[in-house]
J.: 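Supplied in structure tokens, the structure appears directly below.
Sequence lines set the chain letters: A, B, ... in the order given, protein chains first and strands last, and positions in each chain run from 1.
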Number of protein chains: 2
Amino acid sequence: MRELFHPNVEQLNLSSILNALGDPIRLQIIKNLSLQRETTCSCCNIDLPKSALSHHFKVLRESGLIHVRIEGKQRFLSIRYEELEKRFPGLMNSVIKNI
Amino acid sequence: MRELFHPNVEQLNLSSILNALGDPIRLQIIKNLSLQRETTCSCCNIDLPKSALSHHFKVLRESGLIHVRIEGKQRFLSIRYEELEKRFPGLMNSVIKNI
DNA sequence: AAAATAGTTCAATTGTATTTAAACTAATGA
DNA sequence: TCATTAGTTTAAATACAATTGAACTATTTT
């Protein structure tokens with residue numbers, strides 16, 4: 001698994017985005033990413049088994065909220081901020097400000 | 001049942017709001033309300049049995065997204081726009097613009 | 001008072017999400 | 001090469017959400 005699926009901007013769907021955001025754990029992940037710009041999966045300070053975290057990362061990635069870059073053994077996560085801003089102006093700002 | 005429960009602005013919780021919005025049917029209800037300002041439950045143009053609609057109205061009301069005013073036999077629904085704007089500035093605008 | 005209207009609640013069913021441990025993969029390090 | 005690291009996938013369990021029809025409540029109309 002060298003490349004991961006990321007929906008492109010036009011494919012982004014508001015209902016899926018909001019659904020992905022509407023979960024306390026995923027919102028916490030987004031909060032962490034908004035403060036750190038990039039994180040590895042294991043640096044999320046969330047007390048859950050890695051398989052559960054992996055599940056939430058997948059939901060976030062497939063909804064288009066985050067980008068996952070593979071580098072060696074690690075995955076670096078980041079919010080797809082610019083693309084989200086283009087597609088849903090103001091949305092991520094108001095979300096992140098209010099987590 | 002003369003008065004319905006509506007959480008007050010301070011009680012509003014982003015995760016619950018986003019969770020309520022992260023459903024295609026409820027997002028459609030919000031879209032309709034954004035165009036009509038106020039609707040009765042039966043005027044939502046959504047093809048679902050009334051009990052299912054009632055469920056979605058309840059989720060929207062209890063999350064704080066909509067206000068329900070009882071008048072005679074009918075319930076008039078409206079988005080709690082001003083309060084939501086105060087609590088989560090910009091959020092509803094960016095959601096409504098992009099439904 | 002009885003019927004109609006507008007919607008809610010209930011209970012059952014179905015469907016979807018979350019969580020977990022264990023097995024797995026791919027890359028790095030000894 | 002073998003072990004370790006970082007994370008994914010799988011399969012099963014549990015939990016939660018959505019949907020439905022039927023019974024119900026409150027209000028209005030006849």
J.: Testing the 3.5 Å rule here: is there a donor-acceptor pair between the side chains of Q36(A) and N32(A)?
T.: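 Result is no, nothing qualifies.
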J.: Are V59(A) and V95(A) in one and the same hydrophobic cluster, where Ile, Leu, Val, Met, Phe, Trp and Tyr link if side-chain heavy atoms are under 4.5 Å apart?
T.: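 They do not share one cluster, since no chain of ILVMFWY contacts under 4.5 Å joins V59(A) to V95(A).
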J.: For L48(B), report the nucleic acid contact type (base, sugar-phosphate, nothing); a contact means any heavy atom under 4.0 Å.
T.: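 Contact class for L48(B): sugar-phosphate only.
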J.: If we ignore angles and hydrogens, is there a donor and acceptor under 3.5 Å between the side chains of H56(B) and R26(B)?
T.: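 Result is yes, a qualifying pair exists.
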J.: May I have the distance from E62(A) (atom CD) to dT8(D) (atom C1'), rounded to whole angstrom?
T.: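 My rounded result for the distance is 12 Å.
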J.: Between N19(A) (side chain only) and S15(A) (backbone N and O only), is there a donor and an acceptor less than 3.5 Å apart?
T.: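 Checking the backbone N and O of S15(A) against the side chain of N19(A), no donor-acceptor pair under 3.5 Å is found.
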J.: Which whole-number value in Å describes the distance from H55(A) NE2 to dA22(C) P?
T.: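 It works out to 20 Å between those atoms.
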J.: Taking the side chain of R26(A) as its heavy atoms from C-beta onward, which of dT18(C), dT19(D), dA23(C) lies nearest to it?
T.: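 It is dT18(C).
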J.: Could you tell me the separation between the CD atom of E71(A) and the P atom of dT28(C), rounded to a whole number of Å?
T.: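 Nearest whole value for this atom pair: 9 Å.
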J.: Establish, with yes or no, whether the OP1 or OP2 oxygen of dT19(D) is under 4.0 angstrom from a side-chain nitrogen or oxygen of H56(B).
T.: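 For H56(B), the contact criterion (side-chain N or O under 4.0 Å from OP1 or OP2 of dT19(D)) is met.
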J.: Can you tell whether the side chains of E10(A) and R87(A) come within less than 4.0 Å, N to carboxylate O?
T.: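 R87(A) and E10(A): not salt-bridged.
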J.: Each nucleotide N or O in nucleotides 10-15 of chain D that has a protein N or O under 3.5 Å away: list the pair and distance.
T.:
none

J.: Looking only at non-hydrogen atoms, find the nearest pair between L84(B) and G64(B) and report the distance.
T.: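 Reported closest heavy-atom pair: CD2-O, 4.0 Å.
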J.: Counting distance alone, no hydrogens or angles: does the base of dG7(D) have a donor or acceptor under 3.5 Å from a partner atom on the side chain of K73(A)?
T.: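 Donor-acceptor pair under 3.5 Å: no.
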J.: Starting at the 5' end of DNA chain C and moving along, which residue's nearest nucleotide shows up first, L53(A) or C41(B)?
T.: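 The 5'-side residue here is C41(B).
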J.: Nearest whole angstrom, please: distance from the C1' of dA18(D) to the CG of N19(A).
T.: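 Spelled out: CG on N19(A) to C1' on dA18(D) is 13 Å.
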J.: Nearest whole Å is fine: how far is dT5(D) C1' from I70(A) CD1?
T.: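 Between C1' of dT5(D) and CD1 of I70(A): 15 Å.
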J.: Should R80(A) and E82(A) count as an ion pair when the cut-off is N to O under 4.0 Å?
T.: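 E82(A) and R80(A): not salt-bridged.
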J.: Classify the nucleic acid contact of S54(A) as base, sugar-phosphate or nothing, counting any heavy atom under 4.0 Å across all strands shown.
T.: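 Base, at least one base atom sits under 4.0 Å.
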J.: Between dG7(C), dA6(D), dA18(D), which nucleotide has the shortest distance from any of its atoms to the side chain of K50(B)?
T.: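 Comparing dG7(C), dA6(D), dA18(D) against the side chain of K50(B), the answer is dG7(C).
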J.: Atom CD of Q74(B) and atom P of dT25(D): how far apart are they, to the nearest Å?
T.: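 So the CD-P distance, Q74(B) to dT25(D), works out to 21 Å.
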J.: Rounded to the Å, how far apart are R75(A) CZ and dT5(D) C1'?
T.: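 Those two atoms, CZ and C1', are 12 Å apart.
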